[in-house]
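Here the structure is laid out as structure tokens; the discussion comes afterwards.
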Amino acid sequence: GWVLPHLIGWVESRNVNAAPIRRLFGRTRLEDPDTRVPEAVTETAWRLAATLTSDDALGIHLAESLPRGALDLIEYALRSSPSLGKGLDRLARYGRLLSDRVAARTHRKGESLLFLVHDTATTPLHPARAEFALAVALKLARDSTGADITPVRVCFAHPAPDNMAEHQRFCKARG
């Protein structure tokens with residue numbers, strides 16, 4: 001549930017009424033870091049946010065809007081690592097504390113480091129959630145190193161949106 005207050009805040013920052021998303025949670029205190037939200041409710045919140053904002057790059061925009069420290073100790077583990085590779089290893093390892101649904105792992109191939117994010121369930125994951133997971137990792141990598149990191153390749157299991165401009169901008173992809 002940690003990301004849901006940020007998701008609601010981002011929707012509202014677009015001058016969109018987030019009441020339909022808020023109603024999903026009733027009296028649940030989303031600001032409590034120990035709050036667990038059922039997967040179906042979380043998925044519905046993401047789908048509503050995408051529908052309400054008509055944003056094909058919701059996951060990227062939300063990741064960009066996260067304040068420093070939003071991932072708490074997991075972010076600290078990455079930032080305090082002796083290298084980016086070790087930091088991404090930690091992010092992948094401890095990321096399961098952030099999400100029961102999205103898992104990550106790293107794989108070294110020569111001089112390259114692959115950061116792989118996958119869905120652990122059998123029901124479809126909203127594309128924005130997968131894009132958010134990868135965008136958060138890239139944002140943290142850039143922030144923690146101070147380097148303008150450009151991925152060599154970015155792939156998703158879901159179809160590409162009609163407009164890829166924001167994805168290309170964020171990943172710094174060339175045309």
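For clarity, every value in this text was computed on a predicted model and none was experimentally measured.
Of all heavy-atom pairs spanning L84 and S144, the tightest one is CD1-OG, 4.4 Å. Taking each heavy atom of A49 and L58 in turn, the nearest pair found is CB-CD2, 3.9 Å. Heavy atoms only, all atoms of each residue included: C171 and P151 are closest at O-CD, 3.3 Å. Across all non-hydrogen atoms, the minimal contact from A19 to N17 is N-OD1, 2.8 Å. Here the shortest heavy-atom pairing between G59 and W46 reads CA-CZ3, 4.3 Å.
Under the rule for a salt bridge (Lys or Arg N to Asp or Glu O under 4.0 Å), R93 has no partner lying at least two apart in sequence or in another chain. Applying the side-chain hydrogen bond (donor to acceptor under 3.5 Å, both in side chains) rule to R47 yields the partners E43; only residues at least two apart in sequence or on another chain are considered. S81 pairs by the side-chain hydrogen bond (donor to acceptor under 3.5 Å, both in side chains) definition with R90, not counting sequence neighbours. Here E31 pairs with R29 under the salt bridge (Lys or Arg N to Asp or Glu O under 4.0 Å) rule; sequence neighbours left out. Listed by chain and number, the residues in a side-chain contact (heavy atoms from CB on, under 4.5 Å) with A147 are T145, I149 (sequence neighbours excluded). In this view, T106 and D89 satisfy the side-chain hydrogen bond (donor to acceptor under 3.5 Å, both in side chains) rule, not counting sequence neighbours. Qualifying side-chain hydrogen bond (donor to acceptor under 3.5 Å, both in side chains) partners for R153, counting only residues two or more places apart in sequence or in other chains: none.
Residues L134 and M164 fall into different hydrophobic clusters, defined by Ile, Leu, Val, Met, Phe, Trp and Tyr side chains chained together at heavy-atom separations under 4.5 Å. The hydrophobic clustering, which links ILVMFWY residues whose side-chain heavy atoms are closer than 4.5 Å, places F156 and L138 together.
Between V3 and V136, the closest side-chain pair of non-hydrogen atoms is not below 4.5 Å. Residues L91 and F115 meet the side-chain proximity criterion, which asks for heavy atoms closer than 4.5 Å.
Under the 3.5 Å distance criterion, the side-chain polar atoms of K139 are matched with a main-chain donor or acceptor of A63.
A distance of 5.5 Å separates CD1 in I21 from CG in L52, rounded to the nearest 0.5 Å. Rounded to the nearest 0.5 Å, atoms CG (L113) and CZ (R108) are 5.0 Å apart. Atom OG1 of T28 sits about 13.0 Å away from atom CZ of R36, to the nearest 0.5 Å. Here the straight-line distance linking atom OG1 of T42 with atom CG of L125 works out to 11.0 Å at 0.5 Å rounding. A distance of 11.0 Å separates CG of L62 from CD1 of I60, quoted to the nearest 0.5 Å.
Within the structure, the ring pair (Phe, Tyr, Trp, His ring centres under 6.0 Å) test picks out no pair touching residues 70-113 (sequence neighbours left out). For the ring pair (Phe, Tyr, Trp, His ring centres under 6.0 Å) condition, no pair includes a residue of residues 11-37, sequence neighbours left out. Pairs of residues two or more places apart, or lying in two chains, that qualify as side chain to side chain donor-acceptor pair (under 3.5 Å) and include a residue from residues 56-67 are D55-H61, H61-E166, E64-R169. Among pairs with a residue in residues 65-88, those fulfilling salt bridge (Lys or Arg N to Asp or Glu O under 4.0 Å) read E75-R79, R79-D143, at least two apart in sequence or across chains.
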Can you check side chain to side chain contact (heavy atoms under 4.5 Å, CB included) on V154 and F170, steps first, answer last? CA-CA 11 Å; V154 177; F170 180 76; over 6 Å; no
Are H158 and E131 close enough, and set up right, to give a side chain to side chain contact (heavy atoms under 4.5 Å, CB included), and what steps lead you there? CA-CA 10 Å; H158 60 267; E131 293 172 8; 2.7 Å; yes
Please list every donor-acceptor pair under 3.5 Å in which a side-chain atom of residues 4-12 meets a protein atom from a residue at least two apart or in another chain.
from, atom 1, to, atom 2, distance (Å)
E12, OE1, R22, NH2, 3.2
E12, OE2, R22, NE, 3.1
E12, OE2, R22, NH2, 3.1

